[in-house]
*Asks:* 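This is the structure I want to talk about, given as structure tokens.
We name chains A, B, ... by the order of the sequence lines, and we start the count at 1 in each one.
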2 protein chains.
Amino acid sequence: MSSSRNVKPPVFNPLTGAIRALAMDAVQKANSGHPGAPMGMAEIAEVLWRRHLRHNPANPKWADRDRFVQSNGHGSMLIYSLLHLTGYDLSIDDLKNFRQLHSKTPGHPEVGYTPGVETTTGPLGQGITNAVGMALAEKVLAAEFNRPGHTIVDHFTYVFLGDGCLMEGISHEACSLAGTWGLGKLIAFYDDNDISIDGHVSGWFTDDTPKRFEAYGWHVVRDIQGHDPVEIEAALKAAQLETGRPSLICCKTIIGAGAPNKQDSHDCHGAPLGAAEIEATRAHIGWSHPAFEIPADVYAAWDAKAKGAAEEAEWNAHFAAYAAEFPELAAEFTRRMAGDLPADWQAHADGVVAQVIAKAETIATRKASQNSIEAFAPKLPELLGGSADLAGSNLTLWSGAKGVSKTTGGNYVYYGVREFGMAAIANGVALHGGLVPYTATFLMFSEYARNALRMAALMKVRQIFVFTHDSIGLGEDGPTHQPVEQTASLRLIPNMDVWRPCDTTESAVAWAASIERRDGPSSLAFSRQNLPFQARSAEQVAAIRRGGYVLSEAGTASQPIAPQAVIIATGSEVALAMAAQQQLAAEGVAVRVVSMPSTNVFDRQDAEWRASVLPKGLPRVAVEAGVTDGWHKYVGIDGEVIGVNRFGESAPAGELFKYFGITTEAVVAAVKKLVA
Amino acid sequence: MSSSRNVKPPVFNPLTGAIRALAMDAVQKANSGHPGAPMGMAEIAEVLWRRHLRHNPANPKWADRDRFVQSNGHGSMLIYSLLHLTGYDLSIDDLKNFRQLHSKTPGHPEVGYTPGVETTTGPLGQGITNAVGMALAEKVLAAEFNRPGHTIVDHFTYVFLGDGCLMEGISHEACSLAGTWGLGKLIAFYDDNDISIDGHVSGWFTDDTPKRFEAYGWHVVRDIQGHDPVEIEAALKAAQLETGRPSLICCKTIIGAGAPNKQDSHDCHGAPLGAAEIEATRAHIGWSHPAFEIPADVYAAWDAKAKGAAEEAEWNAHFAAYAAEFPELAAEFTRRMAGDLPADWQAHADGVVAQVIAKAETIATRKASQNSIEAFAPKLPELLGGSADLAGSNLTLWSGAKGVSKTTGGNYVYYGVREFGMAAIANGVALHGGLVPYTATFLMFSEYARNALRMAALMKVRQIFVFTHDSIGLGEDGPTHQPVEQTASLRLIPNMDVWRPCDTTESAVAWAASIERRDGPSSLAFSRQNLPFQARSAEQVAAIRRGGYVLSEAGTASQPIAPQAVIIATGSEVALAMAAQQQLAAEGVAVRVVSMPSTNVFDRQDAEWRASVLPKGLPRVAVEAGVTDGWHKYVGIDGEVIGVNRFGESAPAGELFKYFGITTEAVVAAVKKLVA
């Protein structure tokens with residue numbers, strides 16, 4: 001250990017010994033994993049989890065539990081050990097199956113796999129950011145639901161994080177906002193062990209982290225001896241008492257503490273200690289039990305079931321009193337935490353869509369999106385909107401929007417220019433429950449948030465990503481701002497529903513479908529420029545939810561004729577396809593137009609539907625102002641795709657569509673080539 | 001203006017008046033753009049560009065010029081005005097064509113479009129990060145080439161940045177590293193105007209920025225009146241004198257200063273001022289000239305051509321003296337700055353590939369990548385390696401690697417856990433010239449760097465992205481770390497060459513091709529697990545550079561037979577395809593195996609080559625352990641694709657391939673289905 005750091009080693013005891021032993025033994029058995037962080041944070045974990053964390057192992061979904069996030073997710077055996085020891089439904093056999101297929105103990109903590117895991121961590125920096133979102137949700141819900149004498153929403157959010165999280169840029173975005181919002185119930189423990197994978201961090205991480213966090217407006221507790229329970233306890237109590245600022249407790253620790261030959265080295269970061277070192281560690285920490293054997297008295301000392309049941313029972317009693325005095329609020333809180341939509345949602349949504357159709361407006365779909373928000377939000381107080389400093393461009397504000405601030409709750413978040421932080425904070429909000437976040441930026445800058453979009457899809461959270469300025473149609477801002485490959489790229493994310501609506505009706509339906517979706521996020525791509533309204537039958541309106549449907553059959557509605565080809569289009573290019581259909585009809589070529597606002601949703605339809613929309617054997621042309629590769633899935637090798645396979649240019653939008661050949665003429669020519 | 005900020009307004013004069021007028025008039029004429037930042041930074045720009053910047057407008061490529069980066073790229077009329085006024089090849093007509101198709105003045109500054117623009121900015125935070133890379137390159141090259149009495153490499157890197165850049169997470173990554181590296185010749189001017197698009201920033205940006213940068217080890221000059229040339233000049237001189245730390249000069253400014261009714265408001269951030277306000281501004285700042293008319297005396301006062309020519313001439317004389325004393329170093333410097341490879345490169349590369357073939361090793365391609373680096377790097381001192389804290393996993397270190405530190409140069413950068421910062425810093429290194437950066441992380445975390453990869457492709461810089469752990473084959477780390485859609489997604493970026501080699505030979509060739517590529521970046525996807533060596537004829541080895549080629553014809557090499565189907569595979573799945581070919585042969589089905597290490601490169605081949613590899617009409621099966629959509633471009637609607645269209649799982653790799661059906665049996669079955 002680098003003596004200059006003056007880290008006091010642990011005084012070993014059976015409580016922390018259990019964590020160290022489980023971590024090193026499970027990693028050894030799996031022959032992969034990260035023993036260093038669990039062993040280095042055992043004392044911090046013991047103080048927090050045995051003495052302070054308010055949770056009920058029998059009910060990991062208790063609404064007002066403290067949230068705990070292990071942002072340094074690679075050290076997953078720490079949280080698994082804690083969940084097991086305190087009494088969650090996670091058996092010793094589950095721990096023995098660490099990192100095995102379909103176990104409840106995957107390599108990194110994954111929400112939905114393991115009771116008590118609040119979020120999926122591993123991609124560094126996102127755990128702390130999710131935690132900021134959870135603390136934000138707590139603040140917003142408390143402001144909405146608590147009443148004098150009734151603090152129904154009142155919990156801490158605790159985070160463990162390491163050097164890696166602090167190096168990642170997203171930690172800047174999230175922690176800056178946490179300071180601005182004054183999230184006093186967010187308490188983070190920094191595992192300052194001086195080691196990352198490449199070795200001692202002095203060559204690449206020399207930040208004065210306490211000073212950095214003070215610059216964000218945090219309450220910082222410096223220089224805590226991270227193996228000294230007394231110091232940890234005092235720091236934690238100070239953090240709990242500080243209600244106006246989030247707290248960072250900086251704990252100097254020894255990675256792998258207890259492993260006599262490998263501690264304080266990256267050798268124990270991400271690999272099994274090996275049989276010899278494990279034996280030496282057992283001796284060193286005074287743990288004589290075989291692997292995966294925990295004495296009954298140790299279990300008893302860790303068991304949180306009785307305490308947790310009492311805590312939840314007490315809250316349930318409070319909630320009952322609250323419900324007696326505020327029955328509507330209580331019912332609303334219950335609905336919201338369950339993630340259910342209001343009982344009359346469907347009727348309301350249908351009414352909104354009917355109104356949109358009646359108006360038949362030709363407007364930008366970003367404006368259609370705003371109109372959708374305006375129509376849906378009054379019915380859905382759970383919507384928590386926001387934008388990364390583009391509210392006026394993304395059109396995410398509505399008449400009832402009220403900004404969250406340091407001193408107030410609200411339903412709209414000014415995230416500043418922080419796309420990645422925004423998306424991951426909103427993931428945390430969604431995971432907390434009680435709120436449904438929508439967030440926004442230009443479609444191009446979905447790239448800044450890319451891995452948080454993926455994490456939303458992986459975790460199956462309900463977040464609605466509003467991405468405006470969805471093509472070269474944004475014009476003069478040029479190639480740095482013009483999406484070309486972004487829509488196609490979003491479609492590749494498993495479990496991400498991507499919508500690119502062509503008019504007001506498809507925009508409203510995409511919004512409704514995204515709100516109703518409970519098992520994953522949706523990305524909505526909207527235009528900057530006006531798009532013409534398309535007329536539809538009631539059947540066609542219903543078919544929008546199929547992702548792809550016949551918008552216009554060859555011939556006329558009353559006298560359809562058999563098409564010679566199909567044009568598939570999305571978003572702003574649907575109008576081109578419709579114009580091409582007319583022009584082709586005038587030339588005697590019968591063409592069907594398919595609007596495909598969501599390829600992902602279309603792909604989920606049954607084979608019969610898909611074949612009815614895209615009949616086998618008919619030549620197909622796809623048109624979309626973006627990269628073309630993905631469309632060959634629908635048009636085949638011999639079909640035609642009109643698109644943009646290069647970077648954009650800075651110029652007025654109209655000129656760009658001509659320059660890049662995204663025109664009616666191009667679609668007409670492509671069809672003629674195929675039917676010739 | 002918020003009086004609490006105590007910002008002293010400008011004393012207007014014709015020098016700054018020219019900037020303000022050009023900015024507001026060009027934005028007005030284009031009817032789009034951002035007048036606020038140019039008008040707010042006019043005094044800062046005047047002090048830097050007229051009095052300090054060492055540059056020669058007649059030769060924007062002078063090796064030792066000061067670099068200037070406008071990180072707040074939306075305010076592009078500022079740099080265009082400066083380039084025009086100081087004498088670059090950017091005429092008043094070019095300014096009149098602001099934001100028009102194919103003009104030299106696109107909406108955001110784009111390298112390659114405009115002489116004097118060093119990097120493309122607009123995506124916030126990346127400009128400052130590119131600048132950190134330029135300053136790093138200067139430091140590394142100075143350490144390598146300067147000799148006592150001969151400081152051939154000795155220039156400043158200046159940056160303008162705004163609130164948006166400072167909110168973005170990447171600014172944390174880049175500025176933290178700049179502090180760690182002690183980049184004393186990096187000087188950034190913070191345009192602290194208190195405004196971002198959503199309005200006054202107090203609701204979402206409350207950092208104590210000076211304190212934050214002090215925490216990074218920067219020299220911070222606080223509270224400069226940004227419209228007072230005397231204060232700006234003093235701060236700049238102090239920054240130049242500080243050689244051990246980068247400098248941040250915090251300038252309080254008024255956005256849109258000079259526009260009497262719109263200044264200090266987001267109204268002037270990103271929209272034309274309008275005719276009335278422009279007239280009022282002319283009166284307010286005392287600028288009576290018509291739009292785009294600059295008096296001769298103002299031009300004369302700005303003209304930097306004579307001074308710049310003299311500065312470059314002086315440097316040329318120094319360089320001549322250096323060349324006389326150190327002819328080899330001077331020749332090497334000239335070669336490096338030209339971006340040329342050594343004269344004997346091709347022979348060396350061929351020799352390396354021949355040795356790799358002779359060894360015929362079965363190893364992980366990440367190890368093959370390391371072997372390639374080990375073989376190529378001694379010949380290429382311009383290689384500047386690095387990894388985002390995964391050196392031992394990405395295998396990017398080689399025997400001659402020497403880490404860059406605060407006090408030394410080197411050829412390897414420990415970037416810490418900062419993927420986005422790494423990629424964008426390396427873009428700056430490449431743009432500076434003299435170095436060819438390669439950077440590395442897990443393929444999954446290419447997502448954290450996503451927009452910097454795109455910017456590399458847009459800017460056509462030579463950067464080599466090493467992405468290891470390229471599939472579910474990484475095993476136990478689970479879905480957060482297992483790439484599924486990443487390779488497919490990278491292939492969608494225009495001008496990005498993506499390689500996924502199947503063995504040591506393809507790995508070495510991919511490396512060589514990436515090094516030789518001068519007009520864009522390459523992404524190399526390497527396996528964690530061992531992959532068998534494939535035997536090839538000399539013709540086949542040469543064909544690897546075609547991106548896709550016949551690795552194994554049906555029948556035998558001496559007696560090929562006509563195939564009934566084609567199997568296309570990449571990377572780790574090529575071995576599966578080869579095994580399937582054998583099994584099918586035993587069952588009487590003749591199959592060709594195509595290895596397709598780079599679809600992008602294959603797509604660039606002539607039609608004849610493509611048809612020779614994938615003959616029309618032959619049924620096709622593609623196999624790749626990732627999302628399948630993109631492969632329909634090659635196999636059509638009726639072909640089969642074996643892949644992974646969902647998130648991965650945590651388990652040993654072998655089990656995962658079976659579980660996800662990426663097996664020889666699946667390939668065999670797919671072929672049989674098609675030829676049945």
Side-chain angles (χ1 to χ4, degrees), chain A residues 32 99-101 106-108 122-124 164 167-170 172-173 176 180 196-198 203-208 211-212 215-217 389-391 414 416-418 420 447-448 450-451 458 476-480 485 488-489 492-494 627 629-630 632-633 636-637 646-647 649-651 655, chain B residues 32 99-101 106-108 122-124 164 167-170 172-173 176 180 196-198 203-208 211-212 215-217 389-391 414 416-418 420 447-448 450-451 458 476-480 485 488-489 492-494 627 629-630 632-633 636-637 646-647 649-651 655:
Chain A
S32 81
R99 297 187 149 230
Q100 304 309 304
L101 191 59
H108 290 81
L124 291 171
M167 285 187 249
E168 289 286 2
I170 191 173
H172 167 58
E173 301 182 8
S176 170
T180 299
S196 64
I197 294 181
D198 278 354
W204 49 88
F205 186 44
T206 60
D207 294 359
D208 180 340
K211 188 167 182 174
R212 174 187 162 207
Y216 295 149
D389 200 44
L390 290 169
Y414 292 93
V417 192
R418 303 179 182 92
F420 195 9
E447 298 204 339
Y448 274 52
R450 178 83 188 182
N451 197 253
L458 176 60
E476 292 88 345
D477 273 347
T480 53
E485 73 276 28
S489 175
L492 298 179
I493 303 175
V627 295
D629 278 7
H632 288 282
K633 179 177 177 184
I637 296 171
R646 44 158 293 189
F647 291 112
E649 294 284 352
S650 170
E655 285 184 44
Chain B
S32 82
R99 297 186 149 230
Q100 304 310 304
L101 191 59
H108 290 81
L124 291 171
M167 285 187 249
E168 289 287 2
I170 191 174
H172 168 57
E173 300 182 8
S176 170
T180 300
S196 64
I197 293 180
D198 278 354
W204 49 88
F205 185 44
T206 60
D207 294 359
D208 180 341
K211 188 168 181 174
R212 174 186 162 208
Y216 295 148
D389 201 44
L390 289 169
Y414 291 94
V417 191
R418 303 179 181 92
F420 195 9
E447 298 204 339
Y448 275 53
R450 178 84 187 180
N451 197 253
L458 175 59
E476 291 89 345
D477 273 346
T480 53
E485 73 276 30
S489 177
L492 298 178
I493 303 175
V627 295
D629 278 8
H632 289 281
K633 178 177 177 185
I637 297 172
R646 45 158 294 190
F647 292 112
E649 294 283 353
S650 170
E655 283 184 46

*Asks:* Looking at B/Thr180 and A/Gly203, what are the two nearest heavy atoms and their distance?
*Replies:* CG2-O, 3.6 Å

*Asks:* Looking at B/Val417 and A/Gly164, what are the two nearest heavy atoms and their distance?
*Replies:* CG2-CA, 3.8 Å

*Asks:* If we define contacts as heavy-atom pairs under 4.5 Å, which of B/Glu649, B/Met167, B/His632 has the most with chain A?
*Replies:* B/Met167

*Asks:* For chain B, which of A/Glu655, A/Arg646, A/Arg99 has the most heavy-atom pairs under 4.5 Å?
*Replies:* A/Arg99

*Asks:* State, with a plain yes or no, whether a side-chain heavy atom of B/Asp198 is found less than 4.5 Å away from one of A/Leu390.
*Replies:* no

*Asks:* Can you tell me if A/His108 uses its side chain to pair, donor with acceptor, with the backbone of B/Asp477 under 3.5 Å?
*Replies:* yes

*Asks:* Given side chains that start at C-beta, do those of A/Arg212 and B/His172 come closer than 4.5 Å, heavy atoms only?
*Replies:* yes

*Asks:* Tell me, with the steps shown, if A/Phe420 and B/Phe420 meet ring pair (Phe, Tyr, Trp, His ring centres under 6.0 Å).
*Replies:* CA-CA 11 Å; A/Phe420 195 9; B/Phe420 195 9; 8.7 Å; no

*Asks:* Keeping the roles fixed (side chain from B/Ser650, backbone from A/Pro106), state whether a donor-acceptor pair exists under 3.5 Å.
*Replies:* no

*Asks:* Could you check if a side-chain atom of B/Ile493 sits within less than 4.5 angstrom of a side-chain atom of A/Val627, using non-hydrogen atoms only?
*Replies:* no

*Asks:* At a heavy-atom separation under 4.5 Å, does B/Ser32 approach chain A through its side chain, its backbone, both, or neither?
*Replies:* side chain

*Asks:* Mind checking whether A/Arg450 and B/Ser489 have side chains closer than 4.5 Å, heavy atoms only?
*Replies:* yes

*Asks:* What are the two closest non-hydrogen atoms of B/Ile637 and A/Lys633, and how far apart are they?
*Replies:* CG1-O, 3.8 Å

*Asks:* Kindly give the heavy-atom pair with the smallest separation between A/Phe205 and B/Arg418, and that separation in Å.
*Replies:* CD1-NH2, 3.5 Å

*Asks:* Show the nearest heavy-atom pair for residues B/Asp389 and A/Ser196, with the distance to one decimal.
*Replies:* OD1-OG, 2.8 Å

*Asks:* For chain A, which of B/Gln100, B/Glu173, B/Glu168 has the most heavy-atom pairs under 4.5 Å?
*Replies:* B/Glu168

*Asks:* For A/Ser176 and B/Asp207, work out which heavy atoms get closest and say how close.
*Replies:* OG-OD1, 2.6 Å

*Asks:* Within the side chain of B/Tyr448, is there an N or O that forms a donor-acceptor pair under 3.5 Å with the backbone of A/Pro123?
*Replies:* yes

*Asks:* If we define contacts as heavy-atom pairs under 4.5 Å, which of A/Leu124, A/Asn451, A/Asp629, A/Thr206 has the most with chain B?
*Replies:* A/Asn451

*Asks:* Taking every non-hydrogen pair under 4.5 Å, which of A/Gly107, A/Gly478, A/Pro494 racks up the most with chain B?
*Replies:* A/Pro494

